[in-house]
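For reference, the structure discussed in these notes is given below.
Naming: A, B, ... by sequence-line order, numbering from 1 per chain.
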2 protein chains.
Amino acid sequence: MASSKAVQAHLVAAFRDECRRRGLASTHQREVIYRVAASRIDHPTPEAIYDLVKREIPSVSLATVYKNLNIFLEAGLLREVTMHHGSLRLDPNTHPHHHLVCERCKSIADLPGEGVEPVRIRSKLPKGFRVERYSVEFTGLCPKCAQRQ
Amino acid sequence: MASSKAVQAHLVAAFRDECRRRGLASTHQREVIYRVAASRIDHPTPEAIYDLVKREIPSVSLATVYKNLNIFLEAGLLREVTMHHGSLRLDPNTHPHHHLVCERCKSIADLPGEGVEPVRIRSKLPKGFRVERYSVEFTGLCPKCAQRQ
DNA sequence: TACTGTTTGATAACAATTATCCGCCAATGT
DNA sequence: ACATTGGCGGATAATTGTTATCAAACAGTA
């Protein structure tokens, strides 16, 4: 198993390449923000990343963190856990079902629970996690957006 | 197939019962907000619901819509599409994988892509939807929160 | 009908995110 | 190495989504 440092070194190298490829300046702030975000497995918020980056660069601005995180998202170096963090989205269907999410227009369509064969878990879950329900999120392009592509 | 009106009538009746059961006053605003939210399959935002309710009750306040939607969420009459709508959550893992989400503390843990057998779709997808990837979201209680229960 | 605890509507407050603007720095060419 | 320049960072205002506050109006009950 690769050590955490080796993994980070690899990631940072890949990051530098990606910057060059995209014509992005590789600044100290940008590198630290990326390294911090990429090394976290707890799906941090921008604020959390800001706090961590501040330990290395006390003068860093929250706006810089946001700007760079958005750049990384566009570049595909990071993903957002959900495309719907901007605003509450309501679902009147309280029965098990799944979602088709358009990554362009953010629309959400339903797939009934029976539309997907029961999901089977192979590996062990983290010790002690109690699953109450699950749903599959299919991400892609809705008919309208796929057509306009 | 039941007509939309019949479905709505049924939902509204169930809604009245639920209000009585919970000691909630059944006001006109509350009923309309519920009916509008429950009849939508497009997973609307509070703003969208507000706009729709205003057609029936022009004097309705946005705050009233929010307050009632939160009441409905607590009562389990509606669900939120994602538990992470408050703030952006970043994911450095750009490979296929799944999430274990704690509904109490909102923490997110990963399950590697191989941890789940490939998901099989039974029914037809909406004509023209182009799936690019999928991930399973397991919702429940993380070890810490399960213990504290 | 009168009473009491909710609910509503208007709006202030708050939180998350984005825009603006200016001084500065990284990348490129010389 | 040096100068040039377009992008970048920092401070902060503005915007957006949501919640808190509070007086007036209303629903549920006697």
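Looking at residues two or more places apart in sequence or on another chain, you find no salt bridge (Lys or Arg N to Asp or Glu O under 4.0 Å) involving B/Arg130. Annotation: salt bridge (Lys or Arg N to Asp or Glu O under 4.0 Å) contacts of A/Glu56 (sequence neighbours excluded): A/Arg35. Evaluation of the ring-ring contact (aromatic ring centres under 6.0 Å, His included) rule for B/Phe138 yields A/Tyr134 as partners, not counting sequence neighbours. When the side chain to side chain contact (heavy atoms under 4.5 Å, CB included) test is applied to B/Arg21, the partners found at least two apart in sequence or on another chain are B/Asp17, B/Glu18. Applying the salt bridge (Lys or Arg N to Asp or Glu O under 4.0 Å) criterion to B/Arg133, with sequence neighbours excluded, gives A/Glu103.
Within the structure, ring-ring contact (aromatic ring centres under 6.0 Å, His included) pairs that include any residue of residues 102-132 of chain A do not occur (at least two apart or interchain). Applying the side-chain hydrogen bond (donor to acceptor under 3.5 Å, both in side chains) test to pairs two or more places apart or on separate chains, those with a residue in residues 106-115 of chain B are A/His43-B/Asp110, B/His99-B/Asp110. Residue pairs meeting the side-chain hydrogen bond (donor to acceptor under 3.5 Å, both in side chains) criterion with at least one partner in residues 57-72 of chain A, sequence neighbours excluded, are A/Arg30-A/Asn68.
In the model, B/Glu137 has no side-chain atom that pairs as donor or acceptor with a side-chain atom of B/His98 under 3.5 Å.
Residue A/Tyr34 contributes atom OH, which lies 17 Å from atom P of D/dC8 at whole-angstrom precision. Rounded to a whole Å, the CG atom of B/Asn70 is 9 Å from the C1' atom of D/dT19. The nearest whole Å value for the distance from the CD1 atom in B/Ile71 to the P atom in D/dT19 is 12 Å.
Here the range on DNA chain C touched by chain B, meaning any atom under 4.0 Å from one of its heavy atoms, is C/dT7 to C/dT17.
Between A/Leu90 and B/Val81, every side-chain heavy-atom pair lies at or beyond the 4.5 Å cut-off. Within the 4.5 Å cutoff, the side chain of A/Leu52 has heavy atoms near those of the A/Arg40 side chain. Contact annotation: the side chain of A/Ile108 never approaches that of A/Asp91 to less than 4.5 Å [non-hydrogen atoms, C-beta and beyond].
Residue-environment remark: CD (A/Glu132) exceeds the threshold of 12 foreign heavy atoms within 6.0 Å.
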message = Using a 4.0 Å heavy-atom cut-off to protein, can you give one letter per nucleotide of nucleotides 22-30 of chain D, 5' to 3': B if the base is in contact, S if only the sugar-phosphate is, - if neither?
response = -----SS--

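Remark: B/Tyr66 is in phosphate contact with D/dT18, judged by side-chain N or O atoms under 4.0 Å from OP1 or OP2.
Taking a 4.0 Å limit (strictly below) on heavy-atom distances, residues 45-65 of chain A reaches DNA chain D at A/Ser59, A/Val60, A/Ser61, A/Ala63, A/Thr64. Within residues 77-88 of chain B, the residues having any heavy atom closer than 4.0 Å to DNA chain C are, in order of number, B/Gly86, B/Ser87, B/Leu88.
Where B/Arg89 and B/Ile33 each meet DNA chain C at their nearest nucleotide, the meeting point lying more 5' is that of B/Ile33.
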